[in-house]
Amino acid sequence: MTRREWLAGTAVAGALGAQTAGPKNTVVSSENGLRACEVAIAYLARGKDTLDAVIAGVNVNEEDPNDTSVGYGGLPNEQGVVELDACVMHGPTRRAGSVASLRGVKTPSKVARLVMEETDHIMLVGEGALRFAKSYGFKEEDLLTGKSRLAWLVWKRSLRDGSGHNNWTDGLDAPGRPSAALKVAFPEADEETLAWAVEQVLRPPTGTINCLALNRKGEISGVTTTSGLAWKIPGRVGDSPILGAGLWVDQDVGAAGSTGRGEENIRIAGAHTIVENMRHGMNPKAACLDALKRVARNFADDRARLEQFDLNFYALRKDGEYAAAALWDTRRRGGRMVRTKFAVNVDGSGRLEDTAFLLSRA
Ligand code: ASP
């Protein structure tokens with residue numbers, strides 16, 4: 001072999017190497033998704049499908065009674081019933097499935113996948129979604145936990161009519177009885193849980209998990225799953241199961257998802273907007289910030305009104321570049337403000353990173 005032939009050979013091998021190297025296994029999720037990312041990345045490392053990976057990841061949160069924004073233990077609607085929303089998108093086959101207002105099933109993400117795989121529909125809601133799930137063997141269960149039931153009861157006690165009366169507290173038939181302190185009303189609850197419940201009442205929380213995965217072959221999938229807004233009107237559906245709002249995956253471009261105030265996301269079709277932004281050349285961070293600017297524009301950039309909610313976007317491009325951006329730099333946790341973060345795992349190395357943000361509370 002001449003030197004020239006050898007050099008030509010290594011150049012071809014180098015080019016082939018670059019072509020086959022592909023992106024790293026990458027999973028991006030909301031801040032509550034550190035463990036979900038870990039589970040999903042382990043699936044990818046074993047060569048499993050990207051949708052199997054993200055669903056296995058978010059199942060951790062759906063089944064966790066202590067994640068009060070997703071699945072089992074999620075905060076209920078105003079009648080004390082947990083209603084769950086979820087959707088999935090599978091990049092390689094370009095298919096999607098969704099369920100909304102699903103009661104009694106801990107893992108709506110799995111039901112959404114079944115809608116995708118076993119029907120020629122995209123979205124099932126309410127009673128129909130539950131019947132469908134049961135026909136595939138899902139158990140109907142009470143999704144309220146002691147903790148979420150307590151928060152709901154505390155919320156009921158906080159409601160007042162014009163004269164300050166509430167049917168759920170010490171009644172008119174008991175004059176002179178000292179107004180019952182929460183500790184007396186709920187002697188079983190420890191102080192920390194009661195303080196948490198009061199916080200949920202004062203600021204009805206939003207919370208959700210979005211999880212996006214990319215494998216070395218460049219395949220992408222995503223899922224978003226939630227119990228939605230606490231104390232919502234029964235039947236209220238947020239952005240999480242709305243394809244194009246709570247989640248969008250385009251195998252040619254990348255994926256995006258959202259958590260936070262669903263109504264505001266639906267009004268700009270956030271996830272679809274972000275993927276289209278990336279298609280037209282924006283990087284994931286710029287794509288998310290542009291979507292947030294559209295949200296702010298809907299409020300004429302009025303800070304006082306924008307300050308009343310949180311909204312977060314996550315984006316993962318086909319080449320592995322990722323970002324997350326939040327409307328606000330900080331969010332409330334317990335009684336204090338903390339930096340808004342998101343979870344990521346690249347090839348087994350997981351961490352929380354600060355999100356980019358549109359507005360600063362400072
Ligand atoms: N985005 C979801 C909703 O609006 C849940 C959340 O609040 O994060 O229902």
Side-chain angles (χ1 to χ4, degrees), residues 28-33 36 58 61-62 64 67-78 81-89 98-103 108-109 112 123 125-126 129 143 148 151-152 155 199-212 222-248 255-274 288 291-292 294-295 298 306-315 324-328 331-333 340-343 355:
V28 172
S29 184
S30 37
E31 186 177 352
N32 54 349
V58 301
N61 297 65
E62 288 178 328
D64 177 1
D67 188 327
T68 54
S69 69
V70 182
Y72 177 54
L75 293 174
N77 66 21
E78 64 182 20
V81 179
V82 181
E83 287 181 335
L84 304 177
D85 303 331
C87 72
V88 300
M89 286 189 88
S98 168
V99 291
S101 290
L102 173 63
R103 300 178 170 198
S109 63
M123 186 174 204
V125 306
L143 302 187
S148 58
W152 173 63
W155 174 73
E199 181 65 26
Q200 311 313 297
V201 169
L202 293 178
R203 294 179 192 79
T206 55
T208 298
I209 183 165
N210 165 244
C211 192
L212 310 170
V223 58
T224 302
T225 174
T226 190
S227 53
L229 182 65
W231 334 131
K232 61 192 171 188
I233 297 173
R236 176 266 186 189
V237 173
D239 60 328
S240 304
I242 306 295
L243 294 155
L247 177 71
W248 192 251
S258 177
T259 62
R261 173 89 186 156
E263 281 75 1
E264 299 319 322
N265 181 22
I266 292 171
R267 296 209 289 156
I268 61 144
H272 186 266
T273 294
I274 290 166
C288 291
L292 289 165
R294 297 178 193 213
V295 173
N298 280 347
L306 290 166
E307 213 151 355
Q308 290 169 23
F309 64 91
D310 288 315
L311 188 57
N312 313 297
F313 287 120
Y314 314 89
L327 181 60
W328 291 100
R331 66 179 189 85
R332 185 173 294 278
R333 180 160 64 202
T340 316
K341 295 195 181 276
F342 71 109
T355 63

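Note that ligands are numbered from 1 as they come in the structure, with each ligand's atoms numbered from 1 the same way.
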Check: What do the steps show when you test Glu62 against Ser109 for side chain to side chain donor-acceptor pair (under 3.5 Å), and what is the final call?
Finding: CA-CA 9 Å; Glu62 288 178 328; Ser109 63; 2.9 Å; yes
Pull out every atom of ligand 1 sitting under 4.0 Å from any heavy atom of [X], numbered as shown with elements.
| X | answer |
| --- | --- |
| Gly238 | 9 (O) |
| Gly260 | 1 (N), 2 (C), 3 (C), 4 (O), 5 (C), 6 (C), 7 (O), 8 (O) |
| Thr208 | 1 (N), 2 (C), 5 (C), 6 (C), 8 (O) |
| Asp239 | 1 (N), 2 (C), 3 (C), 4 (O) |

Item checked: Backbone or side-chain N or O of Thr226 under 3.5 Å from ligand 1 N or O -> no
Check: Would you call Arg236 and Glu78 a salt bridge, taking side-chain N to carboxylate O under 4.0 Å as the test?
Finding: no
Next item on the list: Verify, without hydrogens or angle tests, whether Ser240 (side chain) and Gly246 (backbone) share a donor-acceptor contact under 3.5 angstrom.
Entry: no
Note to self: Can you list everything that forms a side chain to side chain donor-acceptor pair (under 3.5 Å) with Lys341? Sequence neighbours excluded, please.
What the structure shows: Asp354
Check: With a 4.0 Å cut-off on heavy atoms, does Arg236 reach ligand 1?
Finding: yes
Next item on the list: State, without any angle test, whether Thr355 and Tyr314 hold a side-chain donor-acceptor pair at a distance under 3.5 Å.
Entry: no
